[in-house]
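What follows is a single structure, written as structure tokens, with notes after it.
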Amino acid sequence: MKIDTLPAVFATNAVEETEAVGRALGEYLQNKGISGGFIAMKGDLGAGKTAFTRGFASVFCPEARVKSPTFAIVNVYRGKTVIHHMDTYRITGDDDLYSTGFYDIDEGFIICEWSENIEYALPPERIEVRIEYVGEDQRKITLKEIEK
């Protein structure tokens with residue numbers, strides 16, 4: 001799987017394919033010399049956001065054991081760059097977000113699951129990843145750059 005330009009749309013039929021799309025995004029950014037930024041993940045529960053992140057992290061932090069940050073809220077992976085893997089599902093306001101250290105992150109990537117819960121805090125320039133159910137194991141993954 002390869003990304004030549006954004007926006008891009010992929011259809012996947014297995015977790016491994018969703019990971020491959022994440023890896024392709026990581027390789028795309030690495031090839032452009034980008035080692036940081038914000039990735040806003042959107043998708044229903046169980047859609048594959050963490051699987052996508054696992055693939056992405058394999059490019060920049062190959063030793064990372066990527067797990068869902070649902071209860072930790074933020075997992076940090078270190079390698080060629082730093083990845084802050086966030087889950088804002090339970091964030092109910094700016095005070096909650098502030099308590100995660102969100103506003104203090106100034107290095108590497110932030111990959112934010114449930115980014116729709118913090119629309120007010122999303123940076124104007126970011127990559128949006130939307131994962132949608134198409135069938136039981138099938139997903140539609142849309143990647144696009146947001147620039148305001």
Side-chain angles (χ1 to χ4, degrees), residues 1 3 5-12 15 17-134 138-148:
M1 210 162 287
I3 297 173
T5 187
L6 294 179
V9 178
F10 295 89
T12 65
V15 172
E17 292 178 9
T18 298
E19 288 179 11
V21 176
R23 188 170 30 263
L25 178 61
E27 291 168 349
Y28 170 78
L29 294 175
Q30 184 178 54
N31 291 338
K32 291 182 78 169
I34 297 171
S35 61
F38 196 94
I39 300 172
M41 305 276 303
K42 297 180 178 187
D44 290 332
L45 191 64
K49 296 179 293 289
T50 299
F52 181 96
T53 301
R54 196 169 25 255
F56 182 87
S58 72
V59 175
F60 294 101
C61 304
E63 302 298 317
R65 299 192 74 215
V66 175
K67 295 182 181 178
S68 175
T70 299
F71 296 105
I73 310 242
V74 182
N75 291 334
V76 179
Y77 315 119
R78 297 187 183 281
K80 299 173 190 170
T81 191
V82 178
I83 297 174
H84 303 268
H85 181 198
M86 301 188 74
D87 185 320
T88 57
Y89 182 77
R90 295 182 292 139
I91 299 298
T92 60
D94 201 45
D95 287 342
D96 282 351
L97 186 60
Y98 180 81
S99 71
T100 68
F102 176 83
Y103 294 108
D104 297 324
I105 299 171
D106 62 358
E107 63 178 339
F109 288 102
I110 296 176
I111 299 179
C112 182
E113 297 187 22
W114 298 99
S115 64
E116 56 269 42
N117 289 352
I118 61 164
E119 287 285 341
Y120 59 88
L122 297 179
E125 293 183 3
R126 62 189 181 270
I127 294 174
E128 183 175 287
V129 177
R130 180 174 301 277
I131 304 177
E132 301 171 88
Y133 285 101
V134 177
Q138 300 165 323
R139 305 289 187 269
K140 175 184 174 186
I141 302 174
T142 305
L143 311 171
K144 66 180 178 178
E145 289 180 284
I146 305 292
E147 299 177 284
K148 293 186 179 177

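Just so it is clear, the structure is predicted and the values come from calculations on it, not from any experiment.
- Using a 4.5 Å heavy-atom threshold, the side chains of Trp114 and Leu45 count as touching.
- No side-chain heavy atom of Val21 sits less than 4.5 Å from a side-chain heavy atom of Leu25.
- Within the 6.0 Å centre-distance limit, the rings of Phe56 and Phe60 are counted as a close aromatic pair.
- How far CG of Leu97 is from SG of Cys112: 8.0 Å, rounded to the nearest 0.5 Å.
- Side-chain atoms of Asn117 come within 3.5 Å of backbone N or O of Thr88 as a donor-acceptor pair.
- Atom CD1 of Ile141 sits about 8.0 Å away from atom CZ of Phe10, to the nearest 0.5 Å.
- Rounded to the nearest 0.5 Å, atoms OG1 (Thr53) and OH (Tyr77) are 7.5 Å apart.
- Of all non-hydrogen atoms in Met1 and Ala24, the two that sit nearest each other are O-CB, 3.9 Å.
- Within the 4.5 Å cutoff, side-chain heavy atoms of Ile118 are placed close to those of Tyr120.
- Note that the OG1 atom of Thr70 and the CG atom of Asp87 stand 4.0 Å from one another [nearest 0.5 Å].
- Of all non-hydrogen atoms in Lys80 and Val59, the two that sit nearest each other are NZ-O, 3.3 Å.
- Here Asn75 contributes atom CG and Ile111 contributes atom CD1; the two are 11.0 Å apart, rounded to the nearest 0.5 Å.
- Taking both residues in full, the closest heavy atoms of Pro7 and Lys144 are given as CB-CB, 4.0 Å, listed atom of the first, atom of the second, then distance.
- Using a distance-only test at 3.5 Å, with no hydrogens or angles considered, a donor-acceptor pair links the side chain of Ser115 to the main chain of Met41.
- The minimum heavy-atom distance linking Thr18 with Gly48 is given by the pair CG2-O, 3.6 Å.
- Proximity of Lys67 to His85: side-chain heavy atoms (C-beta onward) are nowhere separated by under 4.5 Å.
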*Start with the C-alpha distance between Val66 and Ile83, add both sets of side-chain angles, then the distance that settles side chain to side chain contact (heavy atoms under 4.5 Å, CB included), and finish with yes or no.*
CA-CA 10 Å; Val66 175; Ile83 297 174; over 6 Å; no
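- Annotation: salt bridge (charged side-chain N to carboxylate O under 4.0 Å, His left out) contacts involving residues 39-57, sequence neighbours excluded, comprise Glu19-Arg54, Lys42-Glu119, Lys42-Glu128.
- When every heavy atom of Ala40 is checked against every heavy atom of Arg126, the shortest pair comes out as CB-CD, 4.1 Å.
- In this structure, the side chains of Leu143 and Phe52 come closer than 4.5 Å at one or more pairs of heavy atoms.
- The nearest pair of heavy atoms linking Phe102 to Ile110 is CE1-CD1, 4.4 Å.
- How far CZ of Arg130 is from NZ of Lys140: 9.5 Å, rounded to the nearest 0.5 Å.
- Within the 4.5 Å cutoff, the side chain of Asp94 has heavy atoms near those of the Tyr103 side chain.
- Other residues, nucleotides and ligands place no more than 12 heavy atoms under 6.0 Å from the OH atom of Tyr89.
- Heavy-atom neighbours of Glu63 CD from other residues, nucleotides or ligands within 6.0 Å: at or below the threshold of 12.
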